[in-house]
Amino acid sequence: MNSPNKLQDDARTAVIIAGRVFVPAEDVETFVAEARATSYPLAAANPGNVMISFCVEDAATGTVTVLEQWASQQALDRHVATPEITALLTKWGPRIRNEVRRFDAGEKDSGA
């Protein structure tokens, strides 16, 4: 039996992080390797992580595409607060131009 609030029950809030990071071209491969080595295992251990991806979009211009989905702001906050992510952001923050944005997205479960 479906509850009267079935549509509300199936709707979840998701936090989407999407955009580009610009790294000096000579450092782009190192940045992506470090970002993946640090972020991927931590995100996998965080039950609020839905997906995370860093990929070189254009090595010649140092363009990196970032895409993350988190089940909640709290899950994202836990990830960013880890010492490893803090160290990564501290190391690379001054050397990159960040055009990544945060979006709140209502996500509806299609039931498939």
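These values consider heavy atoms only, across backbone and side chains, with no hydrogens, waters or symmetry-generated copies. The first residue of the sequence shown is numbered 1, and numbering continues consecutively from there.
In this view, Glu34 and Lys91, Trp92 satisfy the side chain to side chain donor-acceptor pair (under 3.5 Å) rule, not counting sequence neighbours. By the salt bridge (charged side-chain N to carboxylate O under 4.0 Å, His left out) test, Arg20 pairs with Glu57, sequence neighbours left out. Partners of Thr63 by side chain to side chain donor-acceptor pair (under 3.5 Å), not counting sequence neighbours, listed by chain and number: Thr61. Here Gln73 pairs with Asp77, Arg102 under the side chain to side chain donor-acceptor pair (under 3.5 Å) rule; sequence neighbours left out. Not counting sequence neighbours, the partners of Ala59 by the side-chain contact (heavy atoms from CB on, under 4.5 Å) test are Val28, Glu29, Val56. Every salt bridge (charged side-chain N to carboxylate O under 4.0 Å, His left out) that Arg97 has, sequence neighbours left out, goes to Glu99. The side-chain contact (heavy atoms from CB on, under 4.5 Å) check on Val100 picks up Ile17, Val21, Val66, Asn98, with sequence neighbours excluded. Qualifying side-chain contact (heavy atoms from CB on, under 4.5 Å) partners for Pro24, counting only residues two or more places apart in sequence or in other chains: Glu26, Asp27.
The shortest non-hydrogen separation linking Ala25 to Ala60 is CB-O, 3.4 Å. Of all non-hydrogen atoms in Arg36 and Pro41, the two that sit nearest each other are O-CD, 3.5 Å. The two residues Ala35 and Leu88 make their nearest non-hydrogen contact at CA-CD2, 3.9 Å. Nearest approach of Ala105 to Ile16, heavy atoms of both residues: CB-CG1, 4.0 Å.
For the ring pair (Phe, Tyr, Trp, His ring centres under 6.0 Å) condition, the pairs that include at least one residue of residues 40-79, sequence neighbours left out, are Trp70-His79. The side-chain hydrogen bond (donor to acceptor under 3.5 Å, both in side chains) contacts involving residues 45-56 comprise Asn46-Arg78, where partners must be two or more places apart or lie in separate chains. Legend: salt bridge (charged side-chain N to carboxylate O under 4.0 Å, His left out) pairs involving residues 38-55, not counting sequence neighbours: none detected. Sorted by first and then second residue, the salt bridge (charged side-chain N to carboxylate O under 4.0 Å, His left out) pairs involving residues 64-76 (not counting sequence neighbours) form an empty list.
No single ILVMFWY cluster, assembled from side-chain heavy atoms under 4.5 Å apart, contains both Leu67 and Val15.
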| field | Worked verdict on Leu89 versus Val80 for side-chain contact (heavy atoms from CB on, under 4.5 Å) | value | CA-CA 9 Å; Leu89 295 173; Val80 174; 4.3 Å; yes
